[in-house]
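Below: the structure, in structure tokens.
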Amino acid sequence: MNRLPITKTPKCLVGGAFIRSESGRVYPLQDSSGEFFANIPLCTRKDLRNAVEAAAKAFSSWSARSAYNRGQILYRLAEMIEPRAEELVRAIMTTQPDRPAAESEVQTAIDRIVHYAGWTDKYGPLLGSVNPVASSHFNFTVTEPMGIVGIIAPEESSLLGLLSMILPAITSGNAVVALTSHARPYSSILLGEMLAVSDLPAGVVNILTGARADILPTMATHEHIRAVYACVGKAGRTEIQKGCAESVKRTVFLDEEKTIDWHSESAQGLDKIRSFVESKTVWHPIGN
Amino acid sequence: MPAKRPNNPARELLFGDLWEFDPAPETADPNIAPRYQLFINGKFTAPKSKKYFDSISPRNEAKVSEIAHAGDSDVNAAFEAATAAFPKWSKTPGAERGKYLYRIARLLQDRAREFAVAETIDGGKPIRESRDFDLPMSAAHFFYHAGWADKLDCAMPGRRLEPLGVAGQIIPWNFPLLMMAWKIAPALATGNTVVIKPAETTSVTAMKFASILQDAALPPGVVNIVTGARETGAAIVGHPAAAKIAFTGSTAVGKWIQRELAGSDKRLTLELGGKAANIVFEDAPIDQAVEGIVNGIFFNQGHVCCAGARLLVQESIASEILHKLKLRMRHLRVGDPLDKNTDIGAINSLAQLQKIRDLVQGGIRQGAEIFQTECRLPKKGFYFAPTLFSGVSSSHRIAQEEIFGPVLSILTFRTPEEAIEKANNTPYGLSAGVWTDKGSRILKMSAELKAGVVWANTYNKFDPASPFGGFKESGFGREGGKQGLLDYAKLA
């Protein structure tokens, strides 16, 4: 007799816990053959606010970790995902059945984690400076994480795209609240399950699912989110910037209407980290 | 061990009116024209709007000059000139671009005294400050950025810096020429061209600066200066040819600009308001701290976005600091900014004076205790006596809103944690001061304070090599240093 397999109820990751939306609403996800796959939570602005609260709690301890420790935790994440790569490949293939493409996406994603693991203790000296001021002062500029970064992930690339946006923010000690792809959420949900059992402290990365229209306006105006990193079209950029102006929030955009090569070297690096740090300059007199 | 300080306060030397200072006016000729046109495409151009407005001196309310009021078509002409100049300027080798900036720096040094007097007459700041701070620092900004122009590949590892296009820039009235230098120097070093608007009340040195650009033979259209008020600024912000907007001014206007630019893909940097905490611990060198507090709030009449407007004093030394501060304030000379002995000059405009008066009245109404020095203010002109509020709580308006005047609010704290909590309890995050003898505490405090600039055992220090800019609602982007350069470039 054929055993009936257990299907999984996909959940979001907030504060290290797996949650359904407080709204109780879901939307059905079909796989690539058009069969019902699962009900995905339709998160609300209340879920977003809860996620921001979790991120705020996580931020103080995550940003206080040593750069070495953050690097080790990110590398450990890559170590943990590597043996589970096939799970992620199959997760991507639920909606995108091209196996070689899915395998390549997972490999690049894991390599990208390693790339940023190596940045944690190097971006500081490259972005900061000791400044040769004309007066008798010791003057230096250091970088600090901004706080909570809101992310609107691309619709197309729900594993590599999402990770490529999360990693530069958390490398410097920010905490993240991300809304993942509406059409292809499952690999992000699985990624969330892997993040939850990694050494990354609970709440550093929070992943919500649902509709942009429900999340985006509140993400733009929420005062505790200090920067928004969004892969959206022109209408989305307009709405986000208008909302962000209320609290002079930093915005960084990727243009959804253009093709983004997530595999490219230019999709990672120091300038991405720079987008989510603040420069702080300190002066002190030199004397006896 | 040093002798224990007696409990009775330090003796005060009271000279009363025995020795009056003789007037010591600066007499160099400011060479101010009776009327200034717009500076577009390398030429002084009458405004198509045909409108002019008076610039008056806040020191005596006398008319200084007539300033052209740029309308939409004038702003349009400025952008056309800047757009036309961009291809050639951006392809000019960095070393050559740098040489123009060196020339500008030198020409500014040559005419520093003349410019300083003009700045003081037009804006009201003491001649001592315009002469010793604004002018040397303006020249230094051009000199510093001149050297960057051919080294742009070194600012960001692995990336080349490329110019953005035409930068639209809007600057405030508190450091008119210096803010112009902060904006123009990095924009030109990175190969951008510029349309810039000085503040309505302080256009004179900007237009004088245009003559320096002519003398330096800067190619026409690389820098265009349009004068005017709010509508002129709005025309710059909304102009489709602007690749970037750089604004220094109030947080309210900054938010308006950010909204206006929504969806435009223009780059934006904002340097906005502040309400800085100047934190004094009980182990601080008290006399130096008092000097630092005075400099922190009364420098430039308090018209400083990073002014140390909230003094946080550890409770154990609060009465000693308050006493010494009052003594020190009595020695501040308030009056004619052209007098070389003047410490505190004129408030920039009547509107600003009224705003300061309103906020001070509000402080009194909310129950804070006011102290003002007795000083004879000139009969004409806009002046405000140095003011100190004690017994202020964090919720008072004078502790929350930017006053932008010579008004200091004193709050107390017991522990470093409380100081940090109070210091960060504002939507702003531009600057902060920390006074303590303990090195580890300085590093801890500067890490915890949400501010772009932290002055430890000093205050209000600036340098072109040192990045300046805010956290939170004090804006984003930096000016100065390699960090500031990156805000005028795209990475290739």
Between the side chains of D271(A) and R160(B), is the shortest nitrogen-to-carboxylate-oxygen separation below 4.0 Å, so that they form an ion pair? no

More than 12 heavy atoms of other groups within 6.0 Å of [X] [atom1]:
{"X": "E162(B)", "atom1": "CD", "result": "yes"}
{"X": "K444(B)", "atom1": "NZ", "result": "no"}
{"X": "Y75(A)", "atom1": "OH", "result": "no"}
{"X": "R128(B)", "atom1": "CZ", "result": "yes"}
{"X": "K57(A)", "atom1": "NZ", "result": "no"}
{"X": "R250(A)", "atom1": "CZ", "result": "yes"}
{"X": "H263(A)", "atom1": "NE2", "result": "yes"}
{"X": "E265(A)", "atom1": "CD", "result": "no"}

Do the non-hydrogen side-chain atoms of [X] and [Y] ever get within less than 4.5 Å of each other?
{"X": "K472(B)", "Y": "V248(A)", "answer": "no"}
{"X": "T281(A)", "Y": "F468(B)", "answer": "no"}
{"X": "N139(A)", "Y": "D463(B)", "answer": "no"}
{"X": "M156(B)", "Y": "L270(A)", "answer": "yes"}

Closest-packed option against chain A by number of heavy-atom pairs under 4.5 Å, given [options]:
{"options": "F471(B), W256(B), F462(B), W455(B)", "value": "F471(B)"}
{"options": "L272(B), T251(B), L491(B), L486(B)", "value": "L486(B)"}
{"options": "A155(B), G477(B), S446(B)", "value": "S446(B)"}
{"options": "A447(B), G481(B), P467(B), G469(B)", "value": "P467(B)"}
{"options": "A451(B), S474(B), G480(B), G254(B)", "value": "A451(B)"}

Out of [options], return the one with the most heavy atom pairs under 4.5 angstrom to chain B.
{"options": "E239(A), R274(A), E144(A)", "answer": "R274(A)"}
{"options": "C244(A), S129(A), A245(A)", "answer": "A245(A)"}
{"options": "R237(A), K242(A), E278(A)", "answer": "E278(A)"}
{"options": "K280(A), R226(A), H284(A), Q241(A)", "answer": "K280(A)"}
{"options": "P285(A), G236(A), G147(A)", "answer": "P285(A)"}
{"options": "G128(A), A235(A), S266(A)", "answer": "G128(A)"}

Proximal component of [X], with respect to chain A [non-hydrogen, under 4.5 Å]:
{"X": "P427(B)", "answer": "neither"}
{"X": "Y144(B)", "answer": "neither"}
{"X": "A140(B)", "answer": "neither"}
{"X": "I257(B)", "answer": "neither"}
{"X": "L268(B)", "answer": "neither"}

Heavy-atom closest contact ([X] atom, [Y] atom, distance):
{"X": "S279(A)", "Y": "Q483(B)", "value": "OG-CG, 3.7 Å"}
{"X": "T238(A)", "Y": "G263(B)", "value": "OG1-CA, 3.1 Å"}
{"X": "K450(B)", "Y": "F59(A)", "value": "NZ-CE2, 4.4 Å"}

Given heavy-atom pairs under 4.5 angstrom as the criterion, report whether the side chain, backbone, both or neither of E246(A) touches chain B. both

Segment of I240(A) engaging chain B (4.5 angstrom heavy-atom cut-off): neither

Supply the atom-to-atom distance [X] [atom1] to [Y] [atom2], rounded to the nearest 0.5 angstrom.
{"X": "S247(A)", "Y": "Q258(B)", "atom1": "OG", "atom2": "CD", "value": "8.0 Å"}
{"X": "W283(A)", "Y": "N460(B)", "atom1": "CH2", "atom2": "CG", "value": "10.5 Å"}
{"X": "K482(B)", "Y": "T141(A)", "atom1": "NZ", "atom2": "OG1", "value": "9.0 Å"}

